[in-house]
Structure formats: C-alpha cells, structure tokens
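Just so it is clear, the values below take in all heavy atoms, side chains as well, and ignore hydrogens, waters and symmetry mates. Chain letters run A, B, ... following the sequence lines, proteins first, then strands; residues in each count from 1. Note that the structure is a prediction, hence the values are computed from the model and not measured.
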Amino acid sequence: MTFIPLRERLAELLRRALQAAQAAGALPPFEIPEPLPVEPARHAAHGDYGSPVCLGLARVVRRAPLQIAQAVIPHLPAADFVAHAEAVAPGYINFTLSEAWLAAQVAEVLAAGEAWGNVDLGKGKRVQVEFVSANPTGPITIGSARNAVIGDTLASVLSAAGYRVEREYYVNDAGSKARKLAVSVFNKYAELLAAPVALNEETYPGAYITTMAESLVASAGRRYLEQEPETALREIMRWAIAQVLVTVEADLACLRVHFDSWRHERDFYATAAAGEVSLFEQRLAVLREAGNIVEKDGATWFTHPDLDKDAVLIRSAQVIPNPEDRPTYLASDAAYVWDKLVLRGFDRAIYVWGADHHGDVPRLFAITKAQGLDPERVSVILYQMVTLLRGGEEVRMSKSSGEFITLRDLVDEVGPDPIRFMMLTRTVDVTLDFDLDLVVEQSDRNPVFYVQYAHTRIAGVLRKAAELGLAVDTPGDLTLLKHPSELALIRKLLALPEVITLAAGAVAPHHLTLYATELGALFHAFYRDCRIADPDDLPLTYARLTLARAAKSVLARVLQLMGMDAPDRM
RNA sequence: GCCCCCGUAGCGCAACUGGAUAGCGUAGCGGACUUCGAAUCCGUCGGUUGCAGGUUCAAAUCCUGCCGGGGGCACCA
C-alpha cells in the first residue's frame with residue numbers, strides 16, 4: 001500500500017489548472033515547469049501549502065505574477081481535500097486544506113497502520129546500500145556508528161519509498177590491514193608458545209588479538225610454527241577474519257543493524273577453477289581494451305580524463321614481499337561496481353563513506369564510467385566525521401594504538417536508541433559532536449526521550465481510558481475533531497509521506513528525527529489543550545481516542561524507520 | 001599548494017534544495033501538577049545568516065574572492 005504526498009496531489013491540480021488556463025486562452029502557451037513547486041506554508045496566514053510557480057512564469061508569460069496566479073485560480077479542478085485556493089501578492093497560489101477532510105483522514109492513517117507513509121518513489125527498483133564495511137581487523141568502534149545508523153536508516157527509508165533494498169557489508173579481506181591482523185595474531189600466538197617472533201611487522205595491540213591467539217593455541221597447538229610462515233599466515237588470516245566478522249555482526253546487531261549480504265573483496269581475485277580468470281582480471285582486460293590502463297615503473301595504473309591526476313595505481317608486484325600480486329583498493333572497486341550493477345543487477349548502488357574518503361569519489365565514478373556504466377546509478381553518501389566528547393574533552397581513538405571505545409560497550413551501557421537518534425539528528429554534511437556523557441544521561445537533556453515519551457504518554461492515556469471502562473478501540477465520530485490543536489496534529493500525521501519522499505529522495509535521513517520531534521510536540525500540545533478521556537462527553541472522547549491511536553501509530557512507525565523502540569512505559 | 005564539508009541567536013543545529021515575516025532545542029529569566037504520565041507545557045530574552053562583491057523579480061541557499069574551523073591529497077585501506 002502506498003500513498004501520494006499531498007504536495008504532489010496539489011501539484012497535479014496546479015498542473016491541470018495551468019493546462020486548462022492555456023487551453024481556454026486565459027494564458028498564452030508556455031511549457032509547464034517540472035517539477036512544479038509546492039511547499040508547506042511557513043505561516044498560518046498562508047494556508048497549508050503554497051506554490052511560487054507563477055513568480056517564475058512572469059518572464060515567459062510576460063505578465064505580472066499576481067495576474068497569472070489570478071488567471072489560474074478559476075481553472076483549478078475541484079478536490080475534496082482543498083477548501084480554498086487563492087492568489088496572493090506577489091503571485092503565490094495558496095491552498096487551505098478542508099478541515100472536514102483532514103479529520104476524516106484519521107481513519108485512513110489508522111487503517112494503513114505500519115504502511116502509513118509509504119510512497120512509490122522507487123517503483124520497485126532494486127537498490128543496494130553498502131555501508132559500515134569497516135576493515136575486519138577488530139571490534140566495531142563508535143567511529144563506525146554513524147555510518148551504520150545512516151546506512152541502515154537510509155535503507156529503511158528507501159524501502160518505505162518503494163525500493164527493493166539490500167543491505168551489504170563489504171569485507172576488505174585482501175589488503176594490508178587484513179595481513180596486519182594475521183601477523184598480529186600470529187606473533188601473539190608465537191609469543192604465547194614462547195617461540196621467537198617470526199614476522200617483524202607492525203601489529204595491532206588490542207586485547208582481542210590476545211584472545212584470538214589464545215584460542216588459536218587451544219585449537220591448533222604448535223602446528224602453525226612448523227609451517228612456512230607465509231603459508232601459516234594465509235590460513236590464520238582466513239581464520240582470524242572469520243572470527244572478527246562474527247563479533248562484527250554481533251556488535252552491529254546490538255545496534256539493530258543487520259545485513260542481507262557480506263561481500264568479500266578476496267572473491268574478486270579468486271578463481272573457481274584452474275585456468276579461469278578472476279573477475280578483477282576480466283575487468284582489467286576490459287579497461288585495458290578501452291585505453292584506461294597504462295604500465296609505468298613496473299606497475300599498472302588507471303587513467304581517465306575525469307581524474308585530477310594523470311593516473312592512479314591499480315596494481316604493483318613490488319609493494320610487499322607477498323606471493324600474490326596485491327592490487328590496490330581501486331582495483332577491487334572496478335570489479336565491485338561491476339559486480340553490483342551488472343552481475344547482480346542492482347538498478348542503483350549507494351555507498352556510505354566517511355568524509356575521509358572523499359578523495360576516492362572521483363575515482364569510483366571514473367572507473368564506473370570507464371566500464372561503460374551509467375554513473376547516475378551510483379551514489380556516494382559522504383558523511384562528516386564524528387568528534388567524541390567526554391567531560392567536554394575530545395576523545396581520540398585508533399585501532400592502531402589499541403585505544404578505542406567499542407560500540408558494544410556503549411550499547412551495553414545505554415542501549416541502541418540514544419545512539420541511533422543522536423547519529424541521525426544532523427545532516428550528513430556537518431561534523432557531529434557525540435557527547436558520551438549526554439548519551440548515557442537519562443534525562444530531559446537527552447533529546448531521544450522526548451519522542452519516546454510522547455508515545456509512552458499516549459499509551460498511558462489509553463490505559464487510563466480503559467480503566468475508566470471505555471472501549472478504547474471504538475471508532476469515533478471524526479467530524480467532531482475541530483479544535484486547532486487536533487487539526488494541527490492531524491496535519492502533521494498526514495505529512496509522513498512527504499517526509500519519507502524527502503528523506504529518500506535527498507538521501508537525508510535526519511528529516512526523520514525532525515519530523516518525530518515535531519510530531520511529539522504537536523501531540524503534547526493536543527494533550528494540553530484537549531482532554532481526551534472525558535466521561536461527560538463520550539462522542540468527543542471516542543473521536544479523540546481515535547486520533548490519539550493514530551498519533552501513536554505514526555510515532556511508532558517513524559521510530560521504527562529510525563530503528564528505535566516505541567515503548568508503552570518508560 | 002590543490003580538493004571536500006562547515007560558518008545562521010551565548011551554545012548545539014534546522015530551514016523540504018532559489019521563494020513570503022529565518023525556525024527548533026538548549027542555557028538565562030518568569031509561570032503551570034488536588035484533574036488522562038510535569039521525561040510535559042506556556043511566556044520572555046536573544047539575528048546585518050563570517051566578510052566583500054556578483055547573478056536573480058527573489059539569496060542563508062547559486063557564482064567569485066577573502067577570513068576562520070574540520071577532513072583529505074601514499075607503491076595505505
């Protein structure tokens with residue numbers, strides 16, 4: 001079940017009015033602008049929605065905007081949801097919704113239940129959201145939390161917007177970080193067995209390395225010490241990454257983040273049988289054919305006119321004393337985007353990257369175009385970095401130093417909801433101060449509880465009404481809903497399809513937190529102004545209980561989209 | 001030096017992507033619980049949207065140049 005946002009329905013009315021006005025000769029012929037702008041009014045005096053379209057038409061029509069607007073009004077088709085439309089200086093067309101129609105919509109919202117707000121923006125297209133994709137070299141840290149929450153919420157919103165969505169975690173298991181993990185475990189393992197450290201390379205110091213090494217001692221004994229180090233390392237790498245991924249999956253599950261698939265970088269270099277060519281080699285051959293590959297200094301480079309430098313390294317045999325050729329990140333990107341858009345046939349691929357990767361964006365697009373793929377099918381969500389604060393001081397973290405706060409620890413302390421909400425409150429474009437003191441605080445200073453409290457309060461009212469002997473689920477006579485606070489709440493309930501359209505279309509999941517907060521505020525205002533359970537006026541009581549249930553349903557829905565709980569008690 | 005993001009009320013941020021009188025939260029001050037949950041609500045104070053130009057009927061939003069903050073420019077990932 002999907003719904004058409006009100007502003008789109010209004011835009012359609014305007015479109016038909018503009019056509020009719022031209023057909024009737026009230027306006028000269030011109031092309032109707034697309035998209036046709038319709039905006040929520042900012043001031044009550046402007047009605048509910050307004051369109052500035054006539055302001056822009058003044059030039060082509062060669063008439064004053066207000067005159068154009070006045071010429072359009074008589075041609076607006078009648079619609080049950082519009083009570084009034086008028087032309088206002090300097091040339092806006094303002095719409096006021098019918099209050100009777102608004103009140104009646106409460107039943108529609110309630111009937112739609114969890115489907116309320118769904119729109120058909122995606123038209124069933126398949127989109128993959130790939131996110132987190134942290135190197136599998138240790139536990140998930142708070143550093144990845146913003147990525148996880150943005151990606152997961154975006155996926156939920158796209159799903160509500162009519163896309164078929166898959167969530168994917170890309171496992172970087174072919175690079176030097178994977179090797180470093182293996183070396184770390186191997187060296188610690190050797191140390192535990194009092195053997196001389198075999199590999200003099202940099203290692204991770206974290207306690208989880210020791211845990212894995214102990215586990216390895218228990219299961220394998222001294223076996224790996226007797227093997228050729230590189231052979232042992234390859235086996236340990238595979239094992240260690242699998243171990244880490246188990247914890248990664250569990251850590252993210254704590255935050256209510258789940259993936260549909262886990263794609264391994266290594267697979268792009270692997271072959272199923274002897275004599276076969278890996279996907280990477282196939283794509284490399286195609287790029288070479290297209291003239292995008294140059295050999296220089298004994299290495300392989302990718303070149304493309306869109307790049308701001310001559311060439312980007314794709315493979316070098318002399319990077320590390322490693323039996324395998326170890327290509328760079330860009331190399332697997334070439335195979336991966338092909339894998340997404342062609343082999344697996346997604347219509348769109350969305351990458352969620354931290355701002356520290358912004359330099360990689362042009363390369364990704366270049367290597368997409370170079371393979372003949374439409375770059376419009378690829379989007380990169382770049383979110384700015386998170387600054388962790390504790391006691392007003394910045395907390396620095398790094399896996400290399402072994403000093404970091406794990407996501408697991410924080411979730412265990414405060415639960416997923418405050419983390420998710422805080423990570424969503426700002427646009428992806430601004431750096432986020434994440435206050436560890438505030439997020440653990442269960443008080444009204446913590447904004448997450450405001451929205452959940454609104455839901456809880458409704459649940460409390462419904463409980464109270466039931467105690468009074470009222471049949472809470474009885475459909476009320478909605479024509480009794482006329483109070484400004486009732487109507488304001490209803491207007492907000494009806495805005496959800498627009499919010500989902502906006503959040504999905506502009507890839508801006510922060511609109512959900514704004515909407516949830518506004519919705520909560522309007523419920524509180526309704527609660528203040530309108531006594532819901534009034535034994536002396538049962539018809540009005542049932543009407544208001546119906547509205548309260550609808551508000552509860554929509555709050556639950558928007559919290560669900562954000563991956564948060566909608567508690568009945570707090 | 002080049003690239004990306006940001007600069008809006010004391011502080012933290014919105015502004016539906018160029019529209020009307022720039023909003024919300026916090027902090028400050030003053031109010032509202034014998035009445036459906038006060039984790040709430042109401043009032044009040046607070047603005048030359050960093051600066052200077054430009055484009056437009058219309059600029060917080062687009063362009064140029066400065067200033068300030070953050071991030072990135074590896075044979076790392």
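When the C1' atom is used for both B/C42 and B/U49, the distance is 29 Å, rounded to whole Å. Comparing the same atom, P, in B/G47 and in B/C2 gives a spacing of 37 Å after rounding to whole Å. B/A60 sits 12 Å from B/G50 when the C1' atoms are compared, rounded to a whole Å. One P atom belongs to B/C75, the other to B/C13, and the distance between them is 35 Å to the nearest Å. A gap of 15 Å separates the P atoms of B/A15 and B/C24, to the nearest Å. Distance check on atom C1': B/G31 versus B/C45 gives 15 Å, rounded to whole Å. The gap from the P atom of B/A77 to that of B/G19 amounts to 44 Å, rounded to the nearest Å. Nucleotides B/G7 and B/C51 are separated by 11 Å at their C1' atoms, to the nearest Å.
Nucleic acid contact class of A/Asp534 (heavy atoms, under 4.0 Å, all strands): none. Among the atoms of the strands shown, none is found under 4.0 Å from any heavy atom of A/Pro362. Across all strands, A/Thr501 comes closer than 4.0 Å to no nucleic acid atom at all (heavy-atom distances). Backbone-only engagement by A/His524 is indicated by non-hydrogen atom pairs under 4.0 Å involving sugar-phosphate atoms exclusively. Nucleic acid contact class of A/Gly354 (heavy atoms, under 4.0 Å, all strands): none. Note on A/Cys54: nothing from the nucleic acid sits closer than 4.0 angstrom, heavy atoms only. Residue A/Asp435 is classed as having no contact, given no heavy-atom separation below 4.0 Å to the nucleic acid. Within the nucleic acid shown, A/Gly50 comes within 4.0 Å of at least one base atom, counting heavy atoms only. Residue contacts for A/Ala533: at a heavy-atom cut-off of 4.0 Å it reaches a base atom on one of the strands shown.
In this structure, A/Phe280 has its ring center closer than 6.0 angstrom to the ring center of A/Tyr269.
Proximity note for A/Tyr92 (side chain, C-beta onward) versus B/G19, B/A77, B/A38: the nearest is B/G19. Comparing atom distances between the A/Tyr450 side chain and each of B/C76, B/A20, B/C41 picks out B/C41 as nearest. The side chain of A/Arg569 has B/G37 as its nearest neighbour among B/A20, B/C36, B/G37. For A/Val430, the side-chain atoms get nearest to B/A14 when compared with the rest of B/G19, B/C16, B/A14. Considering only side-chain atoms of A/Leu313, the nucleotide from B/A38, B/C75, B/A15 that sits closest is B/C75. For A/Arg457, the side-chain atoms get nearest to B/G37 when compared with the rest of B/G37, B/A20, B/A77. Set against B/C76, B/C5, B/G37, the side chain of A/Asp429 has B/C5 as its closest nucleotide.
In B/U64 the O4'-C1'-N dihedral to the base is more than 90° from 0, which defines an anti nucleotide. Annotated as anti: B/C51, whose glycosidic dihedral deviates from 0 by more than 90°.
Proximity of a side-chain donor or acceptor of A/Arg463 to a complementary backbone N or O of A/Asp568 within less than 3.5 Å is detected. Within the 3.5 Å criterion, the main-chain N or O of A/Arg266 finds no donor-acceptor partner in the side chain of A/His264. No donor-acceptor pair under 3.5 Å is formed between the side chain of A/His43 and the backbone N or O of A/Ala45. Looking only at distances, a side-chain donor or acceptor of A/Thr541 sits under 3.5 Å from a matching main-chain atom of A/Asp534.
With respect to A/Glu201 and A/Lys180, no salt bridge is recorded, no charged nitrogen being found less than 4.0 Å from a carboxylate O. Ion pairing of A/Arg491 with A/Asp48 is present here, as a side-chain N (NZ or NE/NH1/NH2) and a carboxylate O approach within less than 4.0 Å. Salt-bridge check for A/Arg9 with A/Glu12: failed, with every basic side-chain N at 4.0 Å or more from each acidic carboxylate O.
Rounded to an integer number of Å, the gap from A/Met423 CE to B/C13 P is 14 Å. The distance from atom CG of A/Leu330 to atom P of B/A74 is 14 Å, rounded to the nearest whole Å. In this structure, A/Leu432 places its CG atom 13 Å from P of B/G12, rounding to the nearest Å. In this structure, CG of A/Asp417 is placed 15 Å from C1' of B/A39, rounded to the nearest angstrom. Put simply, CZ on A/Arg363 is 9 Å from P on B/C73, counting in whole angstrom units. Taking atom OH of A/Tyr527 as the reference point, atom P of B/C41 lies 12 Å away to the nearest angstrom. Per the geometry, CZ belonging to A/Arg426 stands 12 Å off P belonging to B/G7, to the nearest Å. A/His510 places its NE2 atom 10 Å from the C1' atom of B/C13, with the value rounded to the nearest Å.
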Between protein and nucleic acid, restricted to nucleotides 68-72 of chain B and to nitrogen or oxygen atoms under 3.5 Å apart, what atom pairs and distances do you find?
from, atom 1, to, atom 2, distance (Å)
B/G71, N2, A/His358, ND1, 3.3
B/G71, N2, A/His358, NE2, 3.3

Return the polar atom pairs (N/O with N/O) between nucleotides 23-25 of chain B and the protein under 3.5 Å, or none.
none

Evaluation steps, salt bridge (Lys or Arg N to Asp or Glu O under 4.0 Å), between A/Asp537 and A/Arg531
CA-CA 10 Å; A/Asp537 190 345; A/Arg531 178 152 196 96; over 6 Å; no
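Distances shorter than 4.0 Å separate none of the side-chain N or O atoms of A/Tyr515 from OP1 or OP2 on B/A14. Between A/Arg528 and the phosphate of B/C42, there is a side-chain N or O to OP1/OP2 separation shorter than 4.0 Å. Between A/Arg42 and B/A20, a side-chain N or O to OP1/OP2 separation shorter than 4.0 Å is present.
In terms of heavy atoms, A/Glu265 sits closest to A/Asp173 at N-OD1, 3.2 Å. Of all heavy-atom pairs spanning A/Val439 and A/Pro418, the tightest one is CG2-CB, 3.6 Å. Taking both residues in full, the closest heavy atoms of A/Leu245 and A/Pro136 are given as CD2-CB, 4.0 Å, listed atom of the first, atom of the second, then distance.
In terms of position along RNA chain B, the nucleotide closest to A/Glu498 lies nearer the 5' end than the nucleotide closest to the other residue of the pair A/Ser51 and A/Glu498. Along RNA chain B, the nucleotide nearest to A/Ala89 and the one nearest to A/Ile532 differ in position, and the one closer to the 5' end is contacted by A/Ala89.
Under the 30°/60° scheme for interplanar angles, the aromatic rings of A/His524 and A/Tyr450 are found to stand perpendicular.
Remark: A/Lys340 is positioned above the aromatic ring of A/Tyr351, its terminal NZ or CZ atom under 6.0 angstrom from the ring centre and at most 45 degrees off the axis. Geometric assessment of A/Arg457 against the ring of A/Phe523 yields a negative cation-pi assignment under the 6.0 Å and 45° thresholds.
Looking at A/Arg420 and A/Thr153, their side chains do bring a donor and an acceptor atom within 3.5 Å of each other.
Between the side chain of A/Asn94 and the base of B/A20 there is at least one donor-acceptor pair of N/O atoms closer than 3.5 Å. Contact annotation: side chain of A/Arg7 to base of B/C16, donor-acceptor pair present below 3.5 Å.
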Give the dot-bracket string for RNA chain B, reading 5' to 3', where a pair is Watson-Crick or G-U wobble with both distances under 3.5 Å, ( ) marks pairs inside the strand, [ ] marks pairs crossing earlier ones, | marks a partner on another strand, and . marks unpaired.
(((((((..((((.....[...)))).(((((.......))))).....(((((..]....))))))))))))....
